[in-house]
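Let me begin by presenting the structure, written as structure tokens, before commenting on it.
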Amino acid sequence: MKGRKDRFDIYYDKYNEFVTKSLLKITEVNEALTDDLSQEVWIAFYLEMDEVEKYEDEGIRGWLYAVAKHRFLDFIKQSYEATKASGQQLAEYRRATRRIEEGVITRLMFEEYVAGLSEVERTLVLCRICGISPREALPDLDCTDNALNVRCTRAMKKLKEYMNSE
């Protein structure tokens, strides 16, 4: 049985690039902030590792991404409170909050639809919604990048048809 630190190192090696890329996107390529928030994400993961590692790969990625978003929002809120918020910071906070609210609404709307998809189709739809490369999310899938993009387009077409039928 591997020790806690060994288990953590395995997850860190596997998902660190995903966390970094996600944070760079969220912070609009602010590398210093990305480094700080990344540390906070990995501390949270270490503290909750026993619970989080029960999820499959897709669930672990989702958990890490959600924690990254929340850490970013906490940072914006603290910045806002510390400086009594300039107009730009307030706009950033509102924009970030709106993105998260839209994500929650999207999740609720698509829950029934997503339940009917295969695991690969579900991953592809979530990639498109979150702006993640399909190859990054499914590196071991045995098909070309072109074929993967076609699958992604078909899954999104199914989504549009579903939304139009409601």
Side-chain angles (χ1 to χ4, degrees), residues 2-111 114 119-120 122-141 145 148-149 152 155-156 159:
K2 293 186 178 194
R4 186 170 179 81
K5 184 180 179 330
D6 291 336
R7 288 186 0 247
F8 175 81
D9 289 343
I10 291 169
Y11 288 110
Y12 181 83
D13 291 342
K14 184 173 182 179
Y15 297 109
N16 186 46
E17 184 177 349
F18 170 77
V19 169
T20 301
K21 285 181 179 180
S22 298
L23 281 167
L24 282 169
K25 187 172 186 170
I26 291 169
T27 65
E28 297 177 352
V29 195
N30 182 331
E31 291 182 11
L33 180 56
T34 294
D35 289 342
D36 291 344
L37 294 176
S38 178
Q39 289 176 12
E40 291 183 30
V41 169
W42 287 112
I43 289 169
F45 181 83
Y46 186 80
L47 295 173
E48 299 293 326
M49 184 170 49
D50 293 335
E51 290 300 314
V52 177
E53 68 184 353
K54 293 176 185 175
Y55 302 128
E56 294 179 9
D57 181 59
E58 186 177 321
I60 293 172
R61 284 177 183 262
W63 188 91
L64 289 166
Y65 189 78
V67 171
K69 285 193 299 189
H70 288 288
R71 292 298 190 255
F72 173 70
L73 289 177
D74 290 345
F75 168 79
I76 296 295
K77 185 177 180 182
Q78 289 170 357
S79 297
Y80 168 78
E81 291 170 352
T83 63
K84 298 300 179 193
S86 69
Q88 182 181 4
Q89 286 173 322
L90 184 57
E92 258 183 69
Y93 178 73
R94 286 183 180 150
R95 219 175 30 248
T97 301
R98 191 173 309 117
R99 283 193 310 237
I100 289 176
E101 287 171 359
E102 288 170 358
V104 170
I105 291 169
T106 299
R107 181 175 179 209
L108 293 173
M109 288 174 56
F110 301 144
E111 187 174 68
V114 170
E119 185 176 341
V120 170
R122 185 173 36 249
T123 302
L124 292 172
V125 167
L126 293 173
C127 285
R128 186 63 57 95
I129 290 169
C130 296
I132 299 170
S133 159
R135 181 54 66 197
E136 182 180 334
L138 298 166
D140 299 330
L141 196 62
D145 288 349
L148 194 55
N149 286 328
C152 191
M156 290 305 293
L159 171 63

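Side-chain atoms are counted along with the backbone in the values below, which use heavy atoms only and exclude waters and symmetry mates.
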Problem - Atom pair CG (Asp145) and CG (Leu138), whose distance is rounded to the nearest 0.5 Å - result: 11.0 Å

Exercise for the section: Check whether any side-chain heavy atom of Phe45 lies under 4.5 Å from a side-chain heavy atom of Val67, and answer yes or no. Expected result: no

Practice task
Would you name the heavy atoms of Ile60 and Val52 that are closest together and state the gap between them?
Solution key: CG1-O, 3.7 Å

Problem - Within 6.0 Å of CD in Glu31, more than 12 heavy atoms from elsewhere - result: no

Handout entry: Side chain proximity check, Lys21 to Lys25, heavy atoms < 4.5 angstrom
Key = no

Practice task
Would you give the length of the straight line joining atom CG of Leu64 to atom CZ of Phe18, rounded to the nearest 0.5 angstrom?
Solution key: 6.5 Å

Handout entry: Rounded distance (nearest 0.5 Å) linking atom OH of Tyr65 with atom CG of Leu23
Key = 9.0 Å

Practice task
Measure across Pro134 and Asn149 and return the closest heavy-atom pair with its distance rounded to 0.1 Å.
Solution key: CG-OD1, 3.9 Å

Problem - Worked check of side chain to side chain contact (heavy atoms under 4.5 Å, CB included) between Asp50 and Arg4 - result: CA-CA 9 Å; Asp50 293 335; Arg4 186 170 179 81; 3.3 Å; yes

Handout entry: Min side-chain heavy-atom separation Phe72-Leu33 under 4.5 Å
Key = yes

Side chains of residues 36-43: which donor-acceptor partners sit under 3.5 Å, not counting sequence neighbours?
{"unit_1": "Trp42", "atom_1": "NE1", "unit_2": "Asn16", "atom_2": "OD1", "d": "3.4"}

Practice task
For the pair Ile26 and Arg71, evaluate side chain to side chain contact (heavy atoms under 4.5 Å, CB included) and give the outcome as yes or no after the intermediate values.
Solution key: CA-CA 10 Å; Ile26 291 169; Arg71 292 298 190 255; over 6 Å; no

Handout entry: From CD1 (Ile132) to CG (Leu124), nearest 0.5 Å
Key = 11.5 Å

